[in-house]
Amino acid sequence: MTTTTATLVTEIRAAIAAAPDAFAAMHAAVGLLKERLPHYTWAGIYLLEGDTLVLGPYVGKPSPHTRIPLGQGICGAAATEKATIIVDDVNADPRYLACSIETKSEIVVPIIYFTGDGEQVLGEIDIDSDQPAAFGPADQALLEHVASALAVRLKQA
Ligand code: SME
């Protein structure tokens with residue numbers, strides 16, 4: 001991680017720990033991400049309820065996709081594969097569910113809780129950018145650290 005990324009992770013971890021409840025923790029995390037990183041146009045969290053991803057806290061324009069079945073979208077793919085997905089050009093990806101016509105690229109990072117028995121997907125962090133190919137390894141590292149902090153916080157709720 002770069003120094004900037006590490007500083008932001010520390011700041012977001014502190015905000016998650018200080019938040020009064022899980023919803024506030026998620027809201028603080030996406031708020032700081034969007035505020036600090038100009039290429040983050042929309043930042044939100046989906047929570048897995050059964051086989052459906054349900055939109056939780058977000059910053060940016062309202063999304064038409066408030067409920068996404070696991071079999072649909074880049075969001076559904078990331079939760080099913082339990083792996084981060086980066087899409088440089090959303091319009092070239094047949095899985096893409098359009099949120100805004102300005103969106104050009106996207107990163108989706110699963111929020112995974114590691115138990116003694118395996119991995120449990122609790123939800124995911126979804127970031128859209130109006131810039132093409134906006135996301136790279138630094139974003140992935142940052143967001144996977146934030147997802148890991150959120151996984152622990154969500155289990156405490
Ligand atoms: N683009 C996502 C849908 C969510 S909106 O970006 C907020 C997808 O393809 O799953």
Side-chain angles (χ1 to χ4, degrees), residues 5 8-9 11-12 15-16 19 21-114 118-151 153-155 157:
T5 304
L8 186 51
V9 168
E11 190 180 1
I12 293 173
I16 289 170
D21 56 41
F23 187 93
M26 293 186 282
H27 198 269
V30 291
L32 280 166
L33 287 166
K34 181 166 180 335
E35 185 182 304
R36 295 296 150 81
L37 299 164
H39 59 301
Y40 287 26
T41 308
W42 190 95
I45 291 176
Y46 285 88
L47 294 171
L48 188 60
E49 293 183 10
D51 290 338
T52 305
L53 291 158
V54 179
L55 183 58
Y58 68 92
V59 281
K61 290 186 198 166
S63 168
H65 302 292
T66 56
R67 299 177 67 83
I68 302 176
L70 276 183
Q72 291 182 17
I74 295 161
C75 287
T80 305
E81 292 169 21
K82 299 183 180 176
T84 295
I85 296 180
I86 294 175
V87 178
D88 289 343
D89 176 2
V90 291
N91 294 308
D93 192 316
R95 298 171 297 185
Y96 177 62
L97 298 171
C99 201
S100 150
I101 57 162
E102 284 101 24
T103 299
K104 301 287 191 300
S105 57
E106 177 164 12
I107 181 170
V108 183
V109 178
I111 298 170
I112 298 173
Y113 187 75
F114 293 91
E119 304 168 344
Q120 182 188 3
V121 176
L122 305 180
E124 58 196 23
I125 303 170
D126 179 15
I127 312 287
D128 291 347
S129 181
D130 288 356
Q131 300 170 28
F135 305 109
D139 299 283
Q140 179 167 353
L142 164 68
L143 293 170
E144 288 178 353
H145 277 89
V146 174
S148 143
L150 282 173
R153 188 66 183 79
L154 287 169
K155 276 292 179 180

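Every number for a ligand or one of its atoms is a count from 1 in the order of the listing.
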Original post:
Nearest to atom 6 (O) of ligand 1, what protein heavy atom do you find, and at what distance?
Top reply: D128 OD2, 3.0 Å
Original post:
For atom 3 (C) of ligand 1, what's the nearest protein heavy atom and its distance?
Top reply: L97 O, 3.5 Å
Original post:
Hey, is ligand 1 close enough to I68 that some N/O pair sits below 3.5 Å?
Top reply: no
Subject >> Interfacing atoms of ligand 1 (cut-off 4.0 Å, heavy-atom, Y96) >> reply: 1 (N), 9 (O)
**OP:** State the CD-CD distance between E35 and E11, to the nearest 0.5 angstrom.
**Re:** 7.5 Å
Subject >> Under 3.5 Å: N/O of G76 near N/O of ligand 1 >> reply: no
**OP:** Can you establish whether the number of heavy atoms outside D89 located under 6.0 Å from its atom CG is more than 12?
**Re:** yes
Original post:
Can you tell which part of S63 has a heavy atom less than 4.0 Å from ligand 1: side chain, backbone, both or neither?
Top reply: side chain
Original post:
Applying a strict 4.0 Å limit to heavy atoms, is Y46 in contact with ligand 1?
Top reply: yes
Original post:
In terms of the angle between their ring planes, are H27 and F23 parallel, tilted or perpendicular, with boundaries placed at 30° and 60°?
Top reply: parallel
Original post:
Hey, is CZ on R67 packed in by over 12 heavy atoms from elsewhere, all under 6.0 Å?
Top reply: no
Original post:
Under 3.5 Å, is there a donor-acceptor pair linking the side chains of D126 and Y58?
Top reply: no
Original post:
Under 3.5 Å, is there a donor-acceptor pair between the side chain of D139 and the main chain of G136?
Top reply: yes
Subject >> Structural part of Q72 in contact with ligand 1, heavy atom criterion under 4.0 angstrom >> reply: neither
**OP:** Would you mind checking which non-hydrogen protein atom is closest to atom 8 (C) of ligand 1, with the distance to 0.1 Å?
**Re:** I74 N, 3.4 Å
Subject >> Side-chain (S63) to main-chain (C99) donor-acceptor, under 3.5 angstrom >> reply: no
**OP:** Specify the protein heavy atom at minimum distance from atom 2 (C) of ligand 1: its residue, its atom name, and the distance to 0.1 Å.
**Re:** E106 OE2, 3.3 Å
Original post:
Taking only heavy atoms of D126, which atoms of ligand 1 are found under 4.0 Å from at least one of them?
Top reply: 4 (C), 5 (S), 6 (O), 7 (C)
Original post:
At a non-hydrogen distance cut-off of under 4.0 Å, which region of Y58 contacts ligand 1 (side chain, backbone, both, or neither)?
Top reply: neither
Original post:
Of all the atoms in ligand 1, which lie at a distance below 4.0 Å from a heavy atom belonging to C99?
Top reply: 5 (S), 6 (O), 7 (C)
Original post:
When rounded to the nearest 0.5 angstrom, what distance separates OH in Y46 from CD1 in I68?
Top reply: 4.0 Å
Subject >> Pair S129-Q131, side-chain donor/acceptor within less than 3.5 Å >> reply: no
